[in-house]
Protein chains: 2
Amino acid sequence: MSDSLSITLDRSSPVPLYHQVAQQLELAIRQGVLAPGDKIDNEIALANTLGLSRPTMRQAIQTLVDKGMLVRKRGVGTQVVHGKIRRNVELTSLYDDLAAAGQQQRTEVLALRREHADETTAAQLRLAAGDDIWTLHRLRFVNDEPLALLRNHLPAALVDLTDVDLASSGLYEHLRRAGVHLRVAEQRIGAKAADDQERELLASGDVPLLTMERTAFNDAGSVIEYGHHVYRSDLYAFEITLVDR
Amino acid sequence: MSDSLSITLDRSSPVPLYHQVAQQLELAIRQGVLAPGDKIDNEIALANTLGLSRPTMRQAIQTLVDKGMLVRKRGVGTQVVHGKIRRNVELTSLYDDLAAAGQQQRTEVLALRREHADETTAAQLRLAAGDDIWTLHRLRFVNDEPLALLRNHLPAALVDLTDVDLASSGLYEHLRRAGVHLRVAEQRIGAKAADDQERELLASGDVPLLTMERTAFNDAGSVIEYGHHVYRSDLYAFEITLVDR
DNA sequence: GTCAATGCTTTGTCAGGACATATTGACGTA
DNA sequence: TACGTCAATATGTCCTGACAAAGCATTGAC
């Protein structure tokens, strides 16, 4: 179970060495070069092989341990435990999920307007009532079936959504490109019966709806986005891999 | 925004120094001694104050950064961003959730038997059909209202549930006490309408049910537990704090 | 008065070393 | 054969030291 691992380092790259190692290790695991159960060489040997110091090698391994892909045991060694780790729910984005699954999909923008926040919305965004916000309603289809109704509010001060084509790319992707970096999100997942509007839009009949409320924060602790989404439960579920540390 | 922090270290304790620091820092934040927005001293100053090296101090801070409570900015400093972080979904356990909320609750064990796994269950537990397993059905009440139906399967080889009082303590708590350590769990959260049995047990009428399927793994990558739970959506929702790294 | 250059502060990355401790297996003894 | 001891192995913790890079504020030139 030793390594036919070929890890290459680029010391002139701005990408930290430990990150280069972690990425290539993760790739090897995901591609099955290293399978669950395989032991990797000990830290010191790996560090020597790659011409790195032990702390740097440890930092690389630690990244994958945190992701739940590797397990270290003192006196024993480090082992692969899970090959496929579903994205750590890195702030679940439906669009990404669907794209990854390769399903045919499209999004219809029902409403995109800049307006003054009412009291409820302002509170959700930690703003004052009357502050400028974006209100965004979208309807998402998979294989031409309506799947989800996505309602979002964002502080207008943070990002400009004018002329943004939200039909062809996800909201989170746009935020990333605009330099808005998410750090923490509080999510609440529940279920409920559809109301009249939802039933009409989602054509869900008597299918229960899965609901997701999310408040997302940036580095500074400001609210970036508040979302209230509903999904047809016969077509969608949240899948999460949790790691206990 | 400087520190009236009083962190005490015990170098004779088996608890690592970085962990002692992290725990006391986290407590200070949770208790509001350090409020969101406050800046903490720089790493070097803190290390000197506590008589630690900078890497040790960094390691302590890093754990709180990973939890989403602190944010570091190069050239600027380290700041508190979130005071209350909902348990990182450390493998959500309903019992803990309810206990924390201080609600009056009780659990009824509907079935607890040791049996041979049928093919479906064996596959879920990554066992062979016919292997010994535990089957556990529980009904949970809050304020005397039925809230959730919990169905679990566990490999009999891993833990003995004979004479375990699952009415008065959570399953996960018992597993921890038995030395079974959880590392990774795959969860799937969805919604559905109640079937006849569920409607009868949960008296849910037409309330949609929130469903949670979970497969939990230990350090070795073996399946510890498979659970299929349903919750009354009018009484329960999953709350999760996600951290993007 | 505006803007660019510069320097200081703080975190980020990396190296190398030392000792502690858990685990395993081999060895020797009862 | 069974059990305890001990050594080898690998990770865990902690230290010192150094330089890089990003942010911010101040300074200086135009």
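Every chain is numbered from 1, with letters handed out A, B, ... down the list of sequences.
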Asks: Separation of Q62(A) atom CD from dT13(C) atom C1', in whole Å?
Replies: 16 Å
Asks: Has T78(A) got a side-chain N or O lying under 4.0 Å from the OP1 or OP2 atom of dT11(D)?
Replies: yes
Asks: Measure the distance from NE2 on H19(B) to C1' on dC14(D) and round it to the nearest whole Å.
Replies: 16 Å
Asks: Nearest to the side chain of I44(B) - dT11(C), dT24(C), dA15(C)?
Replies: dT11(C)
Asks: Has the side chain of N48(A) got a donor or acceptor atom that lies under 3.5 Å from a matching backbone atom of A45(A)?
Replies: no
Asks: I'd like to know if the side chain of H116(A) reaches the main chain of G130(A), judged simply by a donor and an acceptor atom lying under 3.5 Å from each other, with no hydrogens or angles considered.
Replies: yes
Asks: Taking for each residue the nucleotide of DNA chain C with the nearest heavy atom, is it G77(B) or P16(A) whose nucleotide lies nearer the 5' end?
Replies: G77(B)
Asks: Specify the separation, in whole Å, of atom CD of E43(A) and atom C1' of dC14(C).
Replies: 16 Å
Asks: Nearest whole Å is fine: how far is dA8(D) C1' from R74(A) CZ?
Replies: 16 Å
Asks: Once you round it to whole Å, what is the distance between P of dG12(D) and CG of L70(A)?
Replies: 11 Å
Asks: Just to verify, what does D219(B) make a side-chain hydrogen bond (donor to acceptor under 3.5 Å, both in side chains) with, not counting sequence neighbours?
Replies: none
Asks: Given dA10(D), is OP1 or OP2 found less than 4.0 Å from the side-chain N or O atoms of R72(A)?
Replies: no
Asks: Look at the side chain of S53(A) and decide which nucleotide, out of dT10(C), dG12(C), dC14(C), has an atom nearest to it.
Replies: dC14(C)
Asks: For L17(B) and dT21(C), what is the distance between atoms CG and P respectively, to the nearest whole Å?
Replies: 12 Å
Asks: Separation of I61(A) atom CD1 from dT11(D) atom P, in whole Å?
Replies: 7 Å
Asks: It should be established whether T56(B) places a side-chain nitrogen or oxygen under 4.0 Å from OP1 or OP2 of nucleotide dC15(D).
Replies: yes
Asks: side-chain contact (heavy atoms from CB on, under 4.5 Å) with E26(A): which residues, sequence neighbours excluded?
Replies: R30(A), L64(A), K67(A), M69(A)
Asks: What is the nucleic acid contact for P55(B), judged by heavy atoms within less than 4.0 Å: base, sugar-phosphate only, or nothing?
Replies: base
Asks: Does any N or O in the side chain of N218(A) come within less than 3.5 Å of the main-chain N or O of S222(A), such that one atom is a donor and the other an acceptor?
Replies: yes
Asks: Restricting to ring pair (Phe, Tyr, Trp, His ring centres under 6.0 Å), what partner residues turn up for F217(B), sequence neighbours left out?
Replies: H82(A)
Asks: Any N or O donor-acceptor pair linking the side chain of R54(B) to the base of dG12(C) at under 3.5 Å?
Replies: yes
Asks: Does the side chain of R58(B) get closer than 4.0 angstrom to OP1 or OP2 of dT16(D) through an N or O atom?
Replies: no
Asks: For dC14(C), does OP1 or OP2 lie under 4.0 Å from any side-chain N or O of Y18(A)?
Replies: no
Asks: Rounding to a whole Å, what distance do you find between Q59(B):CD and dC15(D):P?
Replies: 10 Å
Asks: Between the protein and nucleotides 4-7 of chain D, which nitrogen or oxygen pairs come in under 3.5 angstrom?
Replies:
none

Asks: I'd like to check the side-chain contact (heavy atoms from CB on, under 4.5 Å) partners of Q20(B); sequence neighbours left out, ordered by chain and number.
Replies: L9(B), D10(B), S13(B), V15(B), L17(B), Q24(B)
Asks: Got a sec, which residues hit salt bridge (charged side-chain N to carboxylate O under 4.0 Å, His left out) with E115(A), two or more places apart in sequence or on another chain?
Replies: R113(A)
